[in-house]
Amino acid sequence: MNSSPESGNDDVRAGPELSVVVGERRHLINLAYRLLGSLADAEDAVQETYTRWYAMSRKQQGAIESPGAWLTTVAGRVCLDVLGSARVRRERYVGTWIPEPLPDRSEWVVGRADDYGTDPAHSAHSADPADRITLDESVNMAFLVVLESMTPAERVAFILHDVFRYPFAEVAEIVGRSPAACRQLASSGRRRIRAERTTAAPAGGPAGQAGLVRSFKEAWENKDIEALVALLDPEAVMTADGGGMVGAVLHPVEGAEDIAAYLIHIADKAPGLTLAERTVNGRPGLVALYRGVAVTVAAIDLADGRVSRIWAVRNPEKLGAWTEGGQIQAP
């Protein structure tokens, strides 16, 4: 149908190209996942962001100088609100809440400075380059767990500045505080990360890490408790998340012997369970499959050549990304 100027055709032309707006979605999902620790919540936050964008007239959209910056600001504010309510929800959560694990998909770790091209809005530099944390490391489970200990404002300021490299002037617009206050929030978040020593990848490189995880998998499959104990740090901790929907230990299991005994107990109770080696949040991990369906995803942290932390996510609501048509095939 032809449109005259009176019908709003000029107004339509006033807005930005649809591809420009839609092209921001991947960046927004990356940002929202790191802010919320949940892919489902991240997708909801991004959907709400786009809902607000499309609620504006084309003339209003056209008046926005940088649609990408507008979308990021709104997404950040939506996530800040979600984080506030999430803290209350997680106080009522059955057992320990663990961030949603992600498989090895490149879209979850994009967003480095060079992905933004020459846009100066995304090229701010820290006074100390050592304060920077690479985006690959910003999705590992140990890192995400520490983020859960931050206040909502700390988390948003820290992620936006230290991970996505937004200048504090832009962070201030999103958080609703002064740039100086946001600088302090990011600094506080940085101290939390350093205290937990989660910023550096374990020694040995990817091949060495994968080899250790493979040895751990084989010892578990063989129900070799001595081998498991040898592969576990004496002070290792295993935390499970069933969310009250499936069976899972409600409190962390501590110590190599107790963890090994628990894993053997699980193997005895579920004889049809198989294990697959997978990349979990950017590092080698394991997926437990029952009849081809992912029932547990284990993120694994290593220290000094041993397994130091295991985060076993069993809540089926957090395993959607691990299925394809309801199943994930073992190699």
In the structure I gave you, are the side-chain heavy atoms of [X] and [Y] within less than 4.5 Å of one another anywhere?
{"X": "W311", "Y": "I300", "value": "no"}
{"X": "F216", "Y": "I310", "value": "yes"}
{"X": "L80", "Y": "I174", "value": "no"}
{"X": "M141", "Y": "P99", "value": "yes"}
{"X": "V246", "Y": "N315", "value": "no"}
{"X": "Y290", "Y": "T296", "value": "no"}
{"X": "I193", "Y": "F143", "value": "yes"}
{"X": "Y33", "Y": "L144", "value": "yes"}

* Asked: Aromatic rings F164 and Y166: how do their planes relate, parallel, tilted or perpendicular, breaks at 30° and 60°?
  ->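 Correct class here is tilted.
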From [atom1] ([X]) to [atom2] ([Y]), nearest 0.5 Å:
{"X": "I64", "Y": "L71", "atom1": "CD1", "atom2": "CG", "answer": "8.0 Å"}
{"X": "R278", "Y": "L286", "atom1": "CZ", "atom2": "CG", "answer": "10.0 Å"}
{"X": "R34", "Y": "L160", "atom1": "CZ", "atom2": "CG", "answer": "11.5 Å"}
{"X": "C79", "Y": "L35", "atom1": "SG", "atom2": "CG", "answer": "5.0 Å"}
{"X": "I266", "Y": "L273", "atom1": "CD1", "atom2": "CG", "answer": "8.5 Å"}
{"X": "M238", "Y": "L232", "atom1": "CE", "atom2": "CG", "answer": "9.5 Å"}

[X] bridged to [Y] by N-O distance under 4.0 Å:
{"X": "R283", "Y": "D301", "value": "yes"}
{"X": "D162", "Y": "R190", "value": "yes"}
{"X": "K318", "Y": "D241", "value": "yes"}
{"X": "E48", "Y": "R52", "value": "yes"}

Same apolar cluster (I L V M F W Y, side chains within < 4.5 Å links), [X]/[Y]:
{"X": "Y54", "Y": "L28", "value": "yes"}
{"X": "I259", "Y": "V237", "value": "no"}
{"X": "V46", "Y": "M56", "value": "yes"}
{"X": "V82", "Y": "I29", "value": "yes"}
{"X": "V146", "Y": "I159", "value": "yes"}

* Asked: Would S187 and R191 count as a side chain to side chain donor-acceptor pair (under 3.5 Å) if you check the C-alpha gap in whole Å, the side-chain angles of each, and the deciding distance to 0.1 Å?
  -> CA-CA 6 Å; S187 178; R191 286 194 297 271; 3.1 Å; yes
* Pairs in or reaching into residues 248-271: which pass side chain to side chain donor-acceptor pair (under 3.5 Å), with residues at least two apart or in two chains? ->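 For residues 248-271: K223-D268.
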* side chain to side chain donor-acceptor pair (under 3.5 Å) between N30 and R26, worked out -> CA-CA 6 Å; N30 271 276; R26 194 163 80 164; over 6 Å; no
Which heavy-atom pair separates [X] from [Y] by the least distance, and what is that distance?
{"X": "A186", "Y": "F158", "value": "O-CD1, 3.7 Å"}
{"X": "V139", "Y": "N281", "value": "O-ND2, 2.6 Å"}
{"X": "E100", "Y": "A40", "value": "OE1-N, 3.3 Å"}
{"X": "P234", "Y": "R306", "value": "CD-NH1, 3.3 Å"}
{"X": "V21", "Y": "P67", "value": "CG2-CB, 4.4 Å"}
{"X": "A172", "Y": "S178", "value": "CB-C, 3.9 Å"}

* **Worked check of side-chain contact (heavy atoms from CB on, under 4.5 Å) between D44 and L36** => CA-CA 11 Å; D44 287 345; L36 303 176; over 6 Å; no
Is the side chain of [X] donor-acceptor paired with the backbone N or O of [Y] at a distance under 3.5 Å, no angle test?
{"X": "T279", "Y": "G282", "answer": "no"}
{"X": "N222", "Y": "D224", "answer": "no"}
{"X": "R77", "Y": "E173", "answer": "yes"}
{"X": "W220", "Y": "S215", "answer": "no"}

* To do: Evaluate the side-chain contact (heavy atoms from CB on, under 4.5 Å) criterion for residues V280 and W322: first the C-alpha distance (whole Å), next the side-chain angles of each, then the deciding distance (0.1 Å), finally the verdict.
  => CA-CA 10 Å; V280 181; W322 295 87; 3.7 Å; yes
* Mind running side-chain contact (heavy atoms from CB on, under 4.5 Å) on L231 and L212 for me, showing each step along the way? => CA-CA 8 Å; L231 290 165; L212 180 55; 3.5 Å; yes
* To do: Would you sort out whether E154 and S188 count as a side chain to side chain donor-acceptor pair (under 3.5 Å), showing the intermediate values?
  => CA-CA 7 Å; E154 275 180 340; S188 176; 2.4 Å; yes
* Given side-chain contact (heavy atoms from CB on, under 4.5 Å), test L289 with V295 step by step and report yes or no. => CA-CA 6 Å; L289 306 163; V295 293; over 6 Å; no
* To do: May I have all residue pairs that pass salt bridge (Lys or Arg N to Asp or Glu O under 4.0 Å) and include part of residues 140-153, sequence neighbours excluded?
  =>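 Matches after skipping sequence neighbours: R90-E148, E148-R155.
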* To do: Report, as yes or no, whether the 6.0 Å neighbourhood of atom CD on E218 holds more than 12 heavy atoms from other residues, nucleotides or ligands.
  =>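 Yes, the 6.0 Å shell around CD holds more than 12 heavy atoms from other groups.
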* For atom CD of E235, decide whether the heavy atoms of other residues, nucleotides or ligands shown that lie under 6.0 angstrom number more than 12. =>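 No, because the 6.0 Å sphere around CD of E235 holds 12 heavy atoms or fewer from other groups.
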* ring pair (Phe, Tyr, Trp, His ring centres under 6.0 Å) partners of residues 57-85, not counting sequence neighbours, each pair once ->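 Of all non-adjacent pairs touching residues 57-85, those that pass ring pair (Phe, Tyr, Trp, His ring centres under 6.0 Å) are W53-W70.
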